[in-house]
S.K.: 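Before I ask anything, here is the structure I am working with.
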Amino acid sequence: LSIYPLQAGPFNEARSSNKLFEQAIIGAAPLMSPIPALREVTRAADDDYVAAVIPIDVGGGDLQQSSDVIVRLHAEWLWSRGEKSAISYRGANKLSMPLARWEKGQRLVAGGPTAVFWAVKTKPKDVDYDEFRRYLAAVFTWANSTSLAQRSDRVEDPGSLAPGDFFLHARTPGHVAIVLDVAAKPSGERVALLGQALNPAQSVHVLRPGRATAWFSLRPGNPIVTPYTREFDWTELRRLEKAASDADDAPADAGADARG
């Protein structure tokens with residue numbers, strides 16, 4: 001992930017060589033950029049707790065919210081690497097939602113207020129980027145913080161925290177803060193860049209604990225205090241599985257009304 005030079009302090013040279021998102025997202029909006037959302041600007045350009053805005057759109061509906069940021073960044077990264085077969089996520093009902101099914105002409109169909117299943121709706125065809133984005137919009141409709149927890153593993157060792165990991169409030173109100181980069185001060189203390197998006201759908205942005213720095217201190221045993229939402233505990237640190245399983249493909253009752 002390439003972003004403008006941040007107020008990194010004397011540990012700037014110790015930043016990790018994070019390549020996780022560099023092909024999916026290039027650059028960031030300059031300083032003093034407001035955070036646009038689907039219906040309004042949700043944060044002013046001079047907000048004390050916003051360091052940068054990631055230049056990716058929020059889509060055409062109020063779908064790409066909070067936990068969907070993890071799905072969006074991860075899917076864009078896999079897409080940029082040509083790894084379409086690895087793109088698969090879970091619905092809140094544990095339904096597996098792989099891009100491969102979409103490519104076969106199957107679509108996610110509501111079976112009731114909170115139920116969803118796959119059904120053949122069109123002929124199979126190669127998925128281009130526009131179709132890939134339509135697939136993601138469908139995933140966002142049925143995924144939430146609960147399904148993200150199902151699709152990820154807890155990071156037991158705080159020392160192994162790496163870019164791409166995320167802190168997750170799985171219970172209502174669900175929320176996610178993604179680790180964008182990790183560095184170390186000369187003293188050995190580790191720090192991290194954190195990103196998020198809130199509701200309604202809004203641009204992904206880089207947080208900062210205050211105007212002095214964009215880096216958050218990492219002190220296992222002490223909570224991660226971020227602006228706008230309740231603090232994160234280290235037991236909420238998670239990492240996406242390498243690949244989603246299709247084992248739980250049966251429709252079930254859970255869905256968009258449980259989004260978070």
Side-chain angles (χ1 to χ4, degrees), residues 34-44 47-51 53-54 56-75 89-95 97 110 112-116 136-155 161 164-180 192-210 216 218 222-241 252-260:
I35 298 176
L38 183 68
R39 296 188 294 269
E40 59 189 6
V41 172
T42 59
R43 301 290 173 196
D47 193 284
D48 287 343
Y49 303 110
V50 175
V53 179
I54 306 295
I56 60 174
D57 62 272
V58 298
D62 189 12
L63 293 173
Q64 186 178 291
Q65 303 175 0
S66 193
S67 60
D68 300 317
V69 168
I70 304 298
V71 173
R72 176 73 188 278
L73 296 182
H74 184 254
Y89 303 97
R90 295 283 186 88
N93 58 0
K94 297 186 179 181
L95 180 72
M97 301 184 291
T114 60
V116 62
L136 282 182
V139 169
F140 296 159
T141 301
W142 297 103
N144 64 8
S145 296
T146 301
S147 62
L148 185 60
Q150 297 166 356
R151 174 68 169 80
S152 58
D153 297 315
R154 181 180 168 187
V155 178
L161 178 143
D165 292 345
F166 52 92
F167 292 91
L168 171 66
H169 292 321
R171 296 181 179 178
T172 304
H175 183 55
V176 170
I178 184 171
V179 178
L180 299 172
L193 291 180
L194 301 178
Q196 70 168 21
L198 295 170
N199 308 340
Q202 64 181 217
S203 295
V204 185
H205 49 280
V206 182
L207 293 169
R208 60 184 175 185
F216 287 80
L218 301 175
N222 296 313
I224 306 295
V225 179
T226 57
Y228 314 124
T229 61
R230 71 183 189 272
E231 64 190 25
F232 290 95
D233 189 84
W234 282 90
T235 60
E236 298 177 298
L237 179 61
R238 303 191 69 84
R239 180 175 297 157
L240 282 177
E241 300 169 342
D253 287 334
D257 65 335
R259 289 177 55 77

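Since this is a predicted model, take the numbers as computed values, not measurements.
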S.K.: With rounding to the nearest 0.5 angstrom, report the OG1 to CG distance, Thr226 to Leu194.
M.R.: 7.5 Å
S.K.: Would you say Trp234's side chain and Asn222's backbone share a donor-acceptor pair under 3.5 angstrom?
M.R.: yes
S.K.: Is there a side-chain contact between Leu198 and His175, using heavy atoms and a 4.5 Å cut-off?
M.R.: yes
S.K.: Cut-off 3.5 Å, side chains only: do His74 and Tyr89 have a donor facing an acceptor?
M.R.: yes
S.K.: For the atom pair CD (Glu231) and CD (Glu236), what is the distance rounded to the nearest 0.5 Å?
M.R.: 9.0 Å
S.K.: State, to 0.1 Å, how close Met97 and Ala143 come at their nearest heavy-atom pair, and which atoms those are.
M.R.: CE-CB, 4.3 Å
S.K.: Looking at Asp57 and Arg72, is there a salt bridge between them, counting it only when a charged N and a carboxylate O are closer than 4.0 Å?
M.R.: yes
S.K.: Taking the inter-plane angle between the rings of Phe232 and Phe167 on a 0 to 90° scale, is it parallel (under 30°), tilted (30 to 60°) or perpendicular (over 60°)?
M.R.: tilted
S.K.: Can you tell me how far the CG atom of Asn144 sits from the CD atom of Gln150, to the nearest 0.5 Å?
M.R.: 8.0 Å
S.K.: Can you confirm whether more than 12 heavy atoms, excluding those of Arg171, are under 6.0 Å from its CZ atom?
M.R.: no
S.K.: Residues two or more places apart in sequence or in another chain: which of them pass side chain to side chain contact (heavy atoms under 4.5 Å, CB included) with Asp153?
M.R.: Glu241
S.K.: Testing the basics here: between Ala170 and Ala149, what is the closest heavy-atom pair and its distance to 0.1 Å?
M.R.: CB-CB, 4.3 Å
